[in-house]
Amino acid sequence: MSAHGDPVPMTARKGAALTGVADVPGDKSISHRSLILGAMAVGETVITGLLEGQDVLDTAKAMRAFGAEVSRDAEGVWHVHGVGVGGFAEPEDVIDCGNSGTGVRLIMGTMATTPISATFTGDASLRSRPMARVTDPLALFGASAVGRRGGRLPMTITGAAAPLPVRYTTPVPSAQVKSAVLLAGLNAPGQTVVIEAEATRDHTERMLAGFGAEITTEITQEGRVITLTGQPELKPQTIVVPRDPSSAAFPVCAALIVEGSDVLVPNIGLNPTRAGLFETLREMGADLTYENLREEGGEPVADLRARYSPDMKGIEVPPERAASMIDEYPILSVVAANAEGPTVMRGVKELRVKESDRIDAMAVGLRAAGIEVEDGPDWWIVHGKGPGGVEGGVTVATHLDHRIAMSFLCAGLASRQPVTVDDAGPIATSFPVFEPLMRGLGARLDRVNQAG
């Protein structure tokens with residue numbers, strides 16, 4: 001069933017080439033952070049290009065619950081009147097973060113050093129996901145957490161009355177965990193230090209600096225050492241959110257596997273901690289080009305052109321690249337199925353605890369569609385059959401996971417027989433315009449109840 005209502009089965013089938021301009025939504029990671037840091041600044045932050053998917057809207061609602069004023073005007077420009085670092089008020093009701101692991105974990109971190117309590121919940125998918133990876137380091141500040149068995153939502157966090165600064169080494173590469181600790185460190189005295197052996201997306205560090213926090217990053221033998229000086233007065237900002245590379249991945253990858261396609265995605269964020277997919281695709285032989293490279297709001301951006309690429313080969317993706325493309329492995333596996341030979345993906349155990357077990361969900365669906373897949377605890381191999389190698393003719397379980405749904409719909413656009421997903425409803429959490437955008441490029445997508 002859908003994360004927010006009745007199931008929406010949808011079928012994708014082979015059609016004409018995909019052509020045109022794909023105006024994908026704003027970056028989800030930056031959208032979440034702009035609302036949260038805007039709520040912790042003193043004064044008005046103005047945001048344009050915000051992703052207006054359900055995940056981000058749930059974060060906006062949460063910031064209101066903690067006392068910030070958050071509004072949207074007719075032009076889609078958002079205004080956040082912040083309450084200052086440590087200024088969060090105790091919410092009157094439960095905070096429902098819907099499907100968003102990023103939202104709930106970052107908000108938990110933000111409130112963990114303020115002496116208030118808040119109870120968090122979410123949809124069935126989010127309630128099944130582990131929260132201990134965040135609540136364990138937050139406990140070092142003095143926060144406490146009480147939840148369901150296994151550290152799962154619903155969960156009540158009580159913030160530290162006298163927070164202590166923390167030095168924390170992340171046990172797994174996770175931008176969510178790193179960001180939660182840094183956000184908690186904002187209201188702790190002294191310096192909070194986060195050490196990560198593998199670099200993860202650095203939107204939080206960039207945005208904290210933009211809001212006026214004192215934050216430094218250095219590379220040492222321990223890894224990437226990020227030092228934040230606590231209790232700053234954050235200054236309100238005007239933020240232009242670049243378009244989301246994780247959303248762009250779907251029209252880009254579909255264009256690579258659908259014969260004759262030529263798609264332009266403008267204003268895509270190319271933060272090096274996020275662009276691993278595009279680097280990987282180029283190594284496979286994809287016809288991807290960057291046009292009009294520039295910088296906006298401290299983030300590198302470009303217009304990205306993707307053309308049909310029938311000569312792609314399977315490769316071994318470097319494990320150290322996983323953190324920069326962790327959300328893109330499902331759609332990469334679809335491209336891999338249409339390339340020649342095996343594509344090997346290692347160091348990806350994080351995929352096992354996303355909105356679904358993404359390795360298992362993709363492996364089961366691809367096998368049913370005629371592709372050989374091997375998998376283990378933190379690796380998987382897709383044995384590609386070249387262009388048109390996916391047989392299709394299957395209905396795939398999406399497990400309330402937006403990226404599984406979009407990946408298999410893209411697969412259906414190039415498969416010999418149609419591919420149906422049991423529920424496209426969760427796509428709205430991150431990419432609310434996916435269906436009209438893809439249809440506008442020429443994709444044949446049909447809601448099953450409408451198509452009969």
Side-chain angles (χ1 to χ4, degrees), residues 1-10 23-36 38-39 47-66 68 70-73 76-80 91 93-108 110 118-129 131 153-155 176 179 203 241 243-250 327 330-331 354-356 358 398-407 409 421-438 445 447:
M1 61 180 293
S2 168
H4 295 282
D6 294 331
V8 183
M10 188 175 291
D23 287 314
V24 303
D27 185 282
K28 185 163 70 161
S29 297
I30 295 174
S31 293
H32 281 300
R33 288 160 173 81
S34 63
L35 289 168
I36 292 170
I47 309 165
T48 57
L50 189 86
L51 169 63
E52 295 181 348
Q54 191 59 49
D55 281 5
V56 175
L57 297 179
D58 286 336
T59 292
K61 185 177 179 182
M63 293 303 98
R64 292 189 192 104
F66 283 106
V70 182
S71 61
R72 177 191 186 275
D73 66 28
V77 178
W78 288 71
H79 305 265
V80 183
D93 205 345
V94 173
I95 303 296
D96 188 343
C97 290
N99 189 246
S100 181
T102 299
V104 72
R105 291 178 177 130
L106 267 57
I107 297 167
M108 284 178 173
T110 306
T119 300
F120 296 87
T121 191
D123 66 9
S125 171
L126 189 60
R127 291 196 306 273
S128 71
R129 297 175 67 182
M131 295 295 144
L153 303 180
M155 177 175 286
Q176 293 177 0
S179 298
H203 302 304
V241 179
R243 298 181 192 267
D244 196 325
S246 295
S247 294
F250 297 100
D327 287 330
I331 188 60
K354 287 288 189 176
E355 282 83 337
S356 66
R358 286 178 170 165
T398 60
H399 305 285
L400 295 176
D401 192 321
H402 51 126
R403 298 198 193 280
I404 302 301
M406 289 185 281
S407 295
L409 289 171
V421 298
D422 65 346
D423 188 6
I427 292 172
T429 65
S430 69
F431 200 161
V433 298
F434 173 80
E435 185 180 353
L437 182 147
M438 294 299 293
L445 300 178
R447 296 191 178 211

At what distance, to the nearest 0.5 angstrom, does [atom1] of [X] lie from [atom2] of [Y]?
X	Y	atom1	atom2	value
Arg358	Ile404	CZ	CD1	6.0 Å
Ile30	Asp244	CD1	CG	8.0 Å
Ile427	Asp401	CD1	CG	10.0 Å
Asp27	Ser246	CG	OG	7.0 Å
Arg403	Ser430	CZ	OG	5.0 Å
Asp123	Ser128	CG	OG	8.5 Å

task = Please check if the side chain of Arg127 supplies one atom and the backbone of Gly122 the other of a donor-acceptor pair under 3.5 Å.
result =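 Indeed, once roles are kept as given, a pair shorter than 3.5 Å links the two residues.
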ask   = Judged by atom type as modelled, is there a donor-acceptor pair below 3.5 Å linking the side chain of Asp423 to the main-chain atoms of Val8?
value =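 Present.
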query = Does the pair Leu409 and Glu435 meet the rule for a side-chain contact (heavy atoms from CB on, under 4.5 Å), with working shown?
reply = CA-CA 10 Å; Leu409 289 171; Glu435 185 180 353; over 6 Å; no
Going by distance alone, is a donor N or O of one side chain under 3.5 Å from an acceptor N or O of the other, for [X] and [Y]?
X	Y	result
His32	Asp55	no
Thr102	Gln176	yes
His203	Ser29	no

Candidate pair Met406 and Ile331, rule side-chain contact (heavy atoms from CB on, under 4.5 Å), full reasoning = CA-CA 8 Å; Met406 289 185 281; Ile331 188 60; over 6 Å; no
If every non-hydrogen atom of [X] is compared with every non-hydrogen atom of [Y], which pair is closest and at what distance?
X	Y	answer
Met10	Leu445	SD-CB, 4.3 Å
Thr121	Pro154	OG1-CG, 3.7 Å
Met63	Ala39	SD-CB, 3.6 Å
Ala405	Ala424	CB-CA, 4.4 Å
Ser34	Ile47	OG-CD1, 3.6 Å
Leu51	Pro25	CD1-CB, 3.2 Å

Is any side-chain heavy atom of [Y] closer than 4.5 Å to one of [X]?
X	Y	answer
Met131	Val104	yes
Phe66	Ile107	yes
Val433	Asp23	no

inquiry  = Assess whether a salt bridge exists between Asp96 and Lys61, defined as any Lys/Arg side-chain N lying under 4.0 Å from an Asp/Glu carboxylate O.
reply    =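 The answer is no: the pair does not qualify as a salt bridge.
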Aromatic ring pairing Phe431/Phe250, orientation class (parallel under 30°, perpendicular over 60°, tilted between) =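 Judged by the thresholds at 30° and 60°, the geometry between Phe431 and Phe250 is tilted.
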request  = Go through Ser100 and Lys28 one step at a time and tell me if the side-chain contact (heavy atoms from CB on, under 4.5 Å) criterion holds.
outcome  = CA-CA 10 Å; Ser100 181; Lys28 185 163 70 161; 5.6 Å; no
request  = Could you go through the side-chain contact (heavy atoms from CB on, under 4.5 Å) check for Arg105 and Arg129 one step at a time?
outcome  = CA-CA 11 Å; Arg105 291 178 177 130; Arg129 297 175 67 182; 3.5 Å; yes
